[in-house]
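Here is the naming used below: chain letters follow the sequence lines, and residue numbers restart at 1 for every chain.
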Protein chains: 2
Amino acid sequence: MCKLHINLYLYIMDNKKQYTELLVDPSSFLPGVSIDCVVIGFDLTELNILLLQLKKHDLWMLPGGFIHLNEDMDQAATRILEERTGIKLPYLKQFHTFGDVNRRENTKFPGVNHMLGEPFEKMIAFLEKRFISSGYLSLVDIRNCAPTPDAMSDECTWIPVNLLPVLLYDHGDIVKKAMEQLRSRINYMPVGISLMPEKFTMKEFQTLYEKILNKSLDRGNFQKKMLKLEFLVRHEKKLSGGAHKAPYLYSFNKNRYNELVEKGIGYIN
Amino acid sequence: MCKLHINLYLYIMDNKKQYTELLVDPSSFLPGVSIDCVVIGFDLTELNILLLQLKKHDLWMLPGGFIHLNEDMDQAATRILEERTGIKLPYLKQFHTFGDVNRRENTKFPGVNHMLGEPFEKMIAFLEKRFISSGYLSLVDIRNCAPTPDAMSDECTWIPVNLLPVLLYDHGDIVKKAMEQLRSRINYMPVGISLMPEKFTMKEFQTLYEKILNKSLDRGNFQKKMLKLEFLVRHEKKLSGGAHKAPYLYSFNKNRYNELVEKGIGYIN
DNA sequence: ACAAAAGTGTTATCCTTACACCCATGT
DNA sequence: ACATGGGTGTAAGGATAACACTTTTGT
């Protein structure tokens, strides 16, 4: 069964962290429903996912939370994400709801049997019940992001997708499904505008696609295809990148780009 | 607010229908979570959706239900669908979870203020709470299907998608989202095997695609494309279809078809 | 001058599209 | 025989994939 609350308690007591957030009356939340966010960022080299860590137990999890009774589910996801990243209105879409009975038992907590103090009782009763969880996929510019741990964790950091640790519960499955979604719907998601910095080279843009699709693409064909779509604005050259021809910098024509994404920007092959 | 229970009560009392199902102890269900199924069938002419009707109020709704505490969400959807159609293991996939606060207020019930009898109290308390609902899309062979009304409704019938009545709550939105999903992911869904009868003509198969994509396709090109994929088995000709050349009948090579669907059968343009 | 990587060009091949043509069938 | 719709063919245009060529940079 769920031993999250036990670790919470131990953690809080050990670290004397403010824990008022955890004393929130859970009756203001929809019972049995949570939200987990797969937040993806790109550092021009690798795709990264935002994870929370309970250091004491070397336990990693996705940022998530609950839905207030007077709050739409999408609003809740936006709120939760803003709390963890400081970013308002990023690309954020629900991609799947996870409802297996045993979804919390894939990865067990390093359980310590301890009874909890009285002030937590309501929260415990709330957390102990079966939960289904809606997964939300978000694409954010890693450079605009201020990762902030929540009341339950002491780290909030970017981890490369190919170096993911074992995650809490079924969070590994949730990430996997999110990545599949990203791959198969890349043409219909604003991956460029959401994940790239203001200005970038064509190489960097191509690397983004290669990391998402998990295969290498032909340099010349990628360049020609993207340029022909006419959503890129060419700027001055970027000098001193090495002993070779300097690449141009590009930015997005946002109107044109968003139009195209609606219809699907072709780069699945 | 939700007045479903009131209508239920009136309906049951009026019709003296068996209502033991409604006295089920709702504490065996996950609270606040429901399932709604968009079941699609094809009669070789039109796409149809399976709907339930409360005749007395001329009120239509999607088949749906709740999730038992010891049941995976996908299992629940399968069970619910089997109860309404008699079909086991059809194509059935969750496509979106609807979680707006006001999702039940789009279409109001024709509300009658009435107090309910004691035996229903628990069910009422259960139903009155806010619900989120997971939408499942199912593709079934309309000829293998035995539509069966549930305890709350007195009709369960196929309605053509282009003649849908106003639906309960946000069920209209749910259908819309399902149809969008069907259209945009047609290449990755086994629409052929799931929706066509054992044997069919190329014209009928093309009509299926035209109804899903909502546009007409070139006859010759459709035929060549599908034949080149080599998942169709050609049989004897179908005679006496009219004063013209008799069309061949086809069936699916199921292994080959399912392989291709995994990778995506191309017919989005 | 040279290596390295960027930008562009070339070619063969395939796919798509729009139509045309001939064929089989029941009246 | 003939109208009707089925099966197949064709040709233009576009997209894709693989690779070659040229240009620009810092050392």
It should be established whether [X] places a side-chain nitrogen or oxygen under 4.0 Å from OP1 or OP2 of nucleotide [N].
X      : N      : answer
A:K225 : D:dT16 : yes
A:K224 : C:dG9  : no
A:K203 : C:dA5  : no
B:Q223 : D:dG6  : no

Nearest-nucleotide 5' precedence on DNA chain D, A:A246 against B:L227: B:L227

field: Centroid separation B:F95 to A:F95 less than 6.0 Å
entry: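 No: the rings miss the under 6.0 Å criterion.
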
message: If you take the centroid of each ring, where Trp contributes its six-membered ring, are A:F222 and A:Y209 closer together than 6.0 Å?
response: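 Under 6.0 Å, so yes.
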
Rounded to whole angstrom units, what separation is found between the [atom1] atom of [X] and the [atom2] atom of [N]?
X      : N      : atom1 : atom2 : answer
B:K245 : C:dA24 : NZ    : C1'   : 6 Å
A:H235 : C:dA6  : NE2   : P     : 18 Å
A:D218 : D:dC21 : CG    : C1'   : 14 Å
B:M226 : D:dT8  : CE    : P     : 16 Å
A:K228 : C:dG9  : NZ    : P     : 13 Å
A:F222 : C:dT8  : CZ    : C1'   : 16 Å
B:M202 : C:dC23 : CE    : P     : 21 Å
A:E236 : D:dT25 : CD    : C1'   : 16 Å

task: Output the single nucleotide from C:dG7, D:dG7, D:dT25 whose closest atom is nearest the side chain of A:H244.
output: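 From the listed options, D:dT25 comes nearest.
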
Over all atoms of both residues, closest heavy-atom pair of A:V175 and A:V38: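 Smallest interatomic distance, heavy atoms only, reads CA-CG2, 4.2 Å.
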
Toward the 5' end of DNA chain C, by each residue's nearest nucleotide, A:R234 or B:R219: A:R234

query: Does A:E230 reach the side chain of A:R256, with side-chain heavy atoms less than 4.5 Å apart?
result: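 Counting from C-beta outward, A:E230 and A:R256 do come under 4.5 Å.
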
message: For A:K176, I'd like to know if atom NZ has over 12 heavy atoms of other residues, nucleotides or ligands within 6.0 Å.
response: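 Not more than 12 within 6.0 Å, no.
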
field: Under-3.5 Å donor-acceptor pair between A:N221 side chain and D:dA17 base
entry: yes

